[in-house]
Each structure stands twice: as structure tokens, then as C-alpha cells.
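Written below as C-alpha cells is the structure these notes are about.
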Amino acid sequence: MREATAAGLDVVGLHVHIGSQLVRTSESLLAVERLVDVAEHCRDELGWTARVFNLGGGVGVRQTLDAPALDPAAFAAELVLHLRAQWTRPARLILEPGRSLVGQAGLTLYEVGVVKQTGAITYAAVDGGMSDNPRPQLYGSRYEALLANRADEPAEGMYRIAGKHCESGDVLIEAVELPDPRRGDLLAVPATGGYTLSMASNYNGVPRPAAVLVRHGVAELIRRRESVDDLLRFEPSIQG
């Protein structure tokens, strides 16, 4: 903050990021209070007055049926009122909606392969997993699923959705109710638009899937499916 008056530098405010998948206002209200504390110190001790308070991203999306639904407008309005009560000088409050804009706009389609019973658990394996969505393994993200080609059929049992990567932790969904899955069924996992495309990798040598944009009933390929040749193009000894 000492450089606030340096030539060519205009420090306008304070920024903080407190986490992701925020579905309550309590944490963000506390962040407002902490930012105001810092702003008051800067004003009193440094003679610099914040004009912008940026609370960063993290506005949550509903990924499971038992998750609370968040009203983004009400969420923002409560924060604005709290800032105005804490800080009487003119200032802008910025939120970075990020995932809340695109999270529920995307879904992932998998093809069901093997369905098998192991003890009390019935597994349905799909043609993806940790390589296209590592979030369940990294920090316990939870999802719902349905059979897209049989969406109007009633659920017949509880299934665990496993990936194809030969890892004990390669589980996309611990338990989901579905009609009896069959080989070739299409499993749709909603609310995967926030991070899965950007976090996908070639884990275990698996090519990344295609991405398709659908608008008003028209589908457009926006990222082609990777091939084995794509994986091998960095291996000149194999290509030769």
C-alpha cells in the first residue's frame, strides 16, 4: 500500500477470496467486516481510502438435490446492505459470479459399460472418470445423475458410478437412484459446467472428451475429441 501514490499506479480497493461453493451469506458478511477493518486502518494510518471492495468468487451452484438453492440477487443485496452499514464512504462492491454463471449450464454425458455387484454395492462403470472430472476425488464434490436415454423410467435401485481408470478412488458418484442401467445407456451428470472442462487431463493416458455447445436445439462441436494420435504426437520415438 506504500506504493499507492507511485507514478502510474492507482490502487483503488481491496480484494479477497474466501473460498468456493458459497451457499450461505454468513462467511461473505464476515469478509465484508474484515475488509472494512483493513480499509479503516489504511485510511487512518496511510491516508489511503478504498473505493472498491471485491469479495471475489465462490458463489455456489446446486449440484445435488439435497443442496440448498441460492438466490444470487438476494445474496448480493444482503452483502451490499451490510457494506453500507459498515462503510459510510462511497464505494463499489464487486462479486465475481464465476461458476454460478456456467456451472448449471453444462452437463457431462457418459456411456455405461459394465454393471456389476460387489457385496452390497452395485457398480455402473462409465467411459470417463478422474480424467474428465477429478473434483469428487480431490475434495469430495457430489453430483446427481440420470439415464438420459431413459429419463422417464422410474428408479429401480441404488448404484455407485465408477470410472475407467483402474483406481479404487475413481468414483464419480457414491450413490444415485437409477433405472436398472444397461450397457450403452447414456448417463447424464448435471451441473458440471464450472470446472470439469478446465480441469480435465490425460490421466492414465485417457484422451479428453469432446465439448458440444447446444443452443435453441442446434448442437455445435466446440472442442473435438482427442485421439490416441494426439497423445502420441509428443513421443517422437514412437512416431518414428
For this session: May I ask you to decide if G169's main-chain N or O and Q137's side chain share a donor-acceptor pair within less than 3.5 Å?
Result: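 Flag set: sc Q137 to bb G169 pair under 3.5 Å.
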Same cluster (ILVMFWY, side-chain, under 4.5 Å), [X] and [Y]:
X	Y	value
L29	V23	no
V36	I18	yes
L35	L30	no
V12	V16	no
V61	L95	no

Problem set entry | side-chain contact (heavy atoms from CB on, under 4.5 Å) assessment of Y203 paired with E167 | CA-CA 11 Å; Y203 182 83; E167 295 277 8; 2.3 Å; yes
Problem set entry | Among L109, L178, L146, the one residue meeting side chain to side chain contact (heavy atoms under 4.5 Å, CB included) with L187 | L178
May I ask you to check whether over 12 heavy atoms, not counting those of [X], lie within 6.0 Å of atom [atom1]?
X	atom1	value
R142	CZ	no
R43	CZ	yes
E177	CD	no

Problem set entry | Any L186 side-chain heavy atom under 4.5 Å of L147 side chain |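 Side chain of L186 against side chain of L147, heavy atoms only: no contact under 4.5 Å found.
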Problem set entry | Heavy-atom check, side chain of Y123 versus side chain of T118, under 4.5 Å | yes
Considering non-hydrogen atoms only, spot the tightest contact between [X] and [Y] and give its length.
X	Y	result
T25	L79	O-CD2, 4.4 Å
E226	P207	O-CB, 3.4 Å
A39	W87	CB-CZ3, 3.7 Å
A145	V189	CB-CG2, 4.2 Å
S141	Q63	CB-NE2, 4.3 Å
A191	Y143	O-CE2, 3.6 Å

For this session: Report yes or no: do Q117 and T122 form a side-chain donor-acceptor pair below 3.5 Å?
Result: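 Checked: Q117/T122 side chains pair up, N/O donor to acceptor below 3.5 Å.
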For this session: Quick one: do R183 and V114 satisfy side-chain contact (heavy atoms from CB on, under 4.5 Å)? Show the steps, please.
Result: CA-CA 6 Å; R183 183 182 291 273; V114 173; 3.5 Å; yes
First locate atom [atom1] of [X], then atom [atom2] of [Y], and finally report the distance between them rounded to the nearest 0.5 Å.
X	Y	atom1	atom2	value
L107	T196	CG	OG1	9.5 Å
L83	F53	CG	CZ	5.5 Å
E96	R99	CD	CZ	13.5 Å

Problem set entry | Stepwise side-chain contact (heavy atoms from CB on, under 4.5 Å) test for L172 and Y110 | CA-CA 11 Å; L172 284 169; Y110 300 98; 3.6 Å; yes
Problem set entry | Salt bridge present between D180 and R150 (N-O < 4.0 angstrom) |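 So D180 does not pair with R150 through a salt bridge.
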Exercise. When you look at D230 and R208, which way does the salt bridge (Lys or Arg N to Asp or Glu O under 4.0 Å) test go after all the steps?
Worked result: CA-CA 10 Å; D230 291 322; R208 280 172 284 203; over 6 Å; no
